[in-house]
Amino acid sequence: MTKKTTELDNVKKATAIMFAALVKSLEDTAPGLKEGFVANLDTAYTKIREDSDDLNALETISWTRSMITGFDIESWPRLFGQRPAGFKWIPAGLC
């Protein structure tokens, strides 16, 4: 059975997928681009979190980052018991 999602969730997911695909494609011709892009995502996430706490934007950034890096912070506690010390990336909904 297919899980029902809202149109907004579909747009956020599609946006994250497109940016992840673009970054992965560009990484082939511009090594290091992925790390710079992820660093920019982290900066944007922190700024949005501090300034407006826009959960839709935070979730889209989180999804994009996870798709690019392959790291899903939501799985961390289940896999390792706790987040690493000093880790500041906290996706919307987990705080």
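Atoms considered below: every heavy atom in the structure, side chains included; atoms not considered: hydrogens, waters and symmetry mates. This is a predicted model, so every value here is computed, not measured.
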Nearest 0.5 Å please: distance from the [atom1] atom of [X] over to the [atom2] atom of [Y].
X     : Y     : atom1 : atom2 : result
Ser25 : Leu33 : OG    : CG    : 10.5 Å
Leu22 : Ile17 : CG    : CD1   : 13.5 Å
Met67 : Thr69 : CE    : OG1   : 10.5 Å
Asp54 : Glu59 : CG    : CD    : 10.5 Å
Ser66 : Ile61 : OG    : CD1   : 12.0 Å

Run Phe37 and Thr64 through side chain to side chain contact (heavy atoms under 4.5 Å, CB included) and show every step you take.
CA-CA 10 Å; Phe37 188 84; Thr64 303; 4.2 Å; yes
Salt bridge flag under 4.0 Å for residues Asp42 and Arg65
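Salt bridge between Asp42 and Arg65, a charged N being under 4.0 Å from a carboxylate O: yes.
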List the residues meeting side chain to side chain donor-acceptor pair (under 3.5 Å) with Asp51, not counting sequence neighbours, and say none if there are none.
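For Asp51, the residues satisfying side chain to side chain donor-acceptor pair (under 3.5 Å) (neighbours in sequence not counted) are Lys47.
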Please identify each residue that fulfils side chain to side chain donor-acceptor pair (under 3.5 Å) with Asn56, with sequence neighbours left out.
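Side chain to side chain donor-acceptor pair (under 3.5 Å) list for Asn56, sorted by chain: Lys12.
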Identify whether Leu8 and Leu55 are in the same connected component of the hydrophobic contact network (ILVMFWY, side-chain heavy atoms under 4.5 Å).
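Unlinked, Leu8 and Leu55 end up in two clusters.
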Honestly curious: do Leu41 and Leu26 fall in one hydrophobic cluster under the side-chain, below-4.5 Å linking rule?
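Looking at the clustering, Leu26 is in the same group as Leu41.
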Thr15 side chain to Val11 main-chain N or O, any donor-acceptor pair under 3.5 Å?
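Confirmed, Thr15 side chain pairs with Val11 backbone.
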Evaluate whether atom CZ of Phe19 has more than 12 neighbouring non-hydrogen atoms of other residues, nucleotides or ligands under 6.0 angstrom away.
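Not more than 12 within 6.0 Å, no.
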Restricting to side-chain contact (heavy atoms from CB on, under 4.5 Å), what partner residues turn up for Lys34, sequence neighbours left out?
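Expected list: Val23, Glu27, Val38, Ile68.
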